[in-house]
Amino acid sequence: QDAVALAALGCEVVAVEREPLLASHIRALAESGPALPLTVVEDDFYQVSLPAASFDAVVYWDGFGIGTDADQRRLLRRVRRWLKPEGWVFLEVYTPWHAARSAGHSMRVGEAVRTYAFDPEGCRWLDEWRRGEERVVQSLRCYSPADLRLLLEGTGLAWVGLEPGGRMDYITGRYEPQAPLAQAMSYTAILRVAKSLL
């Protein structure tokens, strides 16, 4: 939806989506109106091959933290290579304090039960899905802003600031779209190509 909305505003957009169903959804949205400057690439954001120095901005929602710190640093270096010399990055990062507060909360999603846990030693948010005997656990590394600034060392990207996201109230089951950073589920880190590399 973000890719289609940006393209509708006149931005030339390359949307990277690894799930075929979601890639089809992007294409269907784009084809439902006038022609848009939008290309959909079905690939993994951590593996995709994109041309160097091609983009004014890279936006990454809902996936940063998959794998190790080394994986995140490698991804950030790749993102830097995709950017034009004065490019920007808008990166959604999940917070450890929200992940810790979510631990133990469960909810039913269709036929599945989803339960959250938190690994404090690895600072990882654990998201378990169960349906009958089937069980899948997803794991995502959470970063405080200070942790993320340390992770940026050697990537060619510099910290500019952040925008706090919303919070989930697991007691009422409501999502609040805006929250103070200390309560936020995530924040958008705003990064730029480091000036020393311009």
* Side chains of L162 and L181 in contact at under 4.5 Å (non-hydrogen atoms) -> yes
* To do: Would you check if L152 and L191 make a side-chain contact, meaning some heavy-atom pair closer than 4.5 Å?
  => yes
* Linking I/L/V/M/F/W/Y whenever their side-chain heavy atoms sit closer than 4.5 Å, directly or via other members, would F45 and L148 fall into one cluster? -> yes
* State whether R18 and D43 are salt-bridged, where the test is any N-O pair (Lys NZ or Arg NE/NH1/NH2 against Asp/Glu carboxylate O) under 4.0 Å. => no
* Structure fact -> Rounding to 0.5 Å, atoms SG (C142) and CG (D147) come to a distance of 10.0 Å
* To do: Count the heavy atoms belonging to other residues, nucleotides or ligands that lie under 6.0 Å from CG of L21, then report whether that count exceeds 12.
  => no
* Asked: With a 4.5 Å limit on heavy-atom distance, are the side chains of T188 and L91 in contact?
  -> no
* Kindly state whether the ring of H98 and the ring of Y170 have centres lying under 6.0 angstrom apart. => yes
* Worked verdict on W129 versus D127 for side-chain hydrogen bond (donor to acceptor under 3.5 Å, both in side chains) -> CA-CA 7 Å; W129 293 74; D127 182 9; 3.3 Å; yes
* Asked: Within 45° of the axis and under 6.0 Å from the centre of the six-membered ring of Y116, does NZ or CZ of R114 qualify?
  -> no
* Structure fact -> One should read off an interatomic distance between Q47 CD and R78 CZ, to the nearest 0.5 angstrom, of 6.5 Å
* Asked: Are the side chain of S54 and the backbone of A52 linked by a donor-acceptor contact shorter than 3.5 Å?
  -> yes
* To do: Evaluate the ring pair (Phe, Tyr, Trp, His ring centres under 6.0 Å) criterion for residues F90 and Y60: first the C-alpha distance (whole Å), next the side-chain angles of each, then the deciding distance (0.1 Å), finally the verdict.
  => CA-CA 6 Å; F90 301 93; Y60 187 36; over 10 Å; no
* **Pairwise side-chain contact, I190 with E163, heavy-atom cut-off 4.5 Å (strictly under)** => yes
* So, R192 side chain and E86 main chain: donor-acceptor pair closer than 3.5 Å or not? -> yes
* **Shortest non-hydrogen contact from A99 toward F118** => CB-CD1, 3.6 Å
* **Test item: side-chain donor near acceptor, D169 and Y175, under 3.5 Å** => no
* Shortest non-hydrogen contact from S186 toward E92 -> OG-OE2, 3.4 Å
* To do: Search all heavy atoms of A184 against all heavy atoms of P164 and return the closest pair with its distance.
  => CB-CB, 4.4 Å
* Aromatic centroids of Y94 and F64 separated by under 6.0 Å -> no
* Can you name the one residue among L29, V14, V4 that meets side chain to side chain contact (heavy atoms under 4.5 Å, CB included) with L38? -> V4
* To do: Please name the pair of heavy atoms, one in V193 and one in K84, separated by the smallest distance, quoted to 0.1 Å.
  => CG2-O, 3.6 Å
* **Minimum heavy-atom distance A189-V93, with the two atoms named** => CB-CG2, 4.3 Å
* Under 6.0 Å from the CZ atom of R77, do we count more than 12 heavy atoms belonging to anything else shown? -> yes
* Asked: Are E17 and E19 close enough that some pair of their side-chain heavy atoms sits under 4.5 Å apart?
  -> yes
* Asked: Is there a side-chain contact between M185 and Y187, using heavy atoms and a 4.5 Å cut-off?
  -> no
* Answer yes or no: is there a side-chain heavy-atom contact under 4.5 Å between S102 and W125? => yes
* Verify the neighbour count for atom CD of E12: are there more than 12 heavy atoms of other residues, nucleotides or ligands below 6.0 Å? => no
* Structure fact -> Separation between OG1 (T95) and OH (Y143), nearest 0.5 Å, reads 13.5 Å
* Structure fact -> Residues P37 and A7: closest non-hydrogen pair is CD-O, 3.6 Å
* Asked: Any ion pair linking R27 and E42 (charged N to carboxylate O, less than 4.0 Å)?
  -> yes
* Asked: Is it true that R135 and E128 have a side-chain N and a carboxylate O under 4.0 angstrom from each other?
  -> yes
* Decide whether W88 and D56 meet the rule of one side-chain donor and one side-chain acceptor closer than 3.5 Å. => no
* Euclidean distance, L151 CG relative to E153 CD, rounded to 0.5 Å -> 9.0 Å
* What's the spacing between T172 OG1 and M168 CE if we round to 0.5 Å? -> 6.5 Å
* Same cluster or not: are I66 and V41 linked, directly or through other Ile, Leu, Val, Met, Phe, Trp or Tyr residues, by side-chain heavy atoms under 4.5 angstrom apart? -> yes
* Euclidean distance, T68 OG1 relative to R141 CZ, rounded to 0.5 Å -> 10.0 Å
* Asked: Is V13 linked to F55 within one hydrophobic cluster, defined over Ile, Leu, Val, Met, Phe, Trp and Tyr using a side-chain heavy-atom separation of less than 4.5 Å?
  -> no
* Asked: Taking atom types as modelled and ignoring hydrogens, do the side chains of R124 and S139 form a donor-acceptor contact shorter than 3.5 angstrom?
  -> yes
* Would you say L50 and L76 are hydrophobically clustered, going by side-chain heavy atoms of ILVMFWY under 4.5 Å? -> yes
* Asked: Any side-chain heavy atom of Y46 sitting closer than 4.5 Å to one from V16?
  -> no
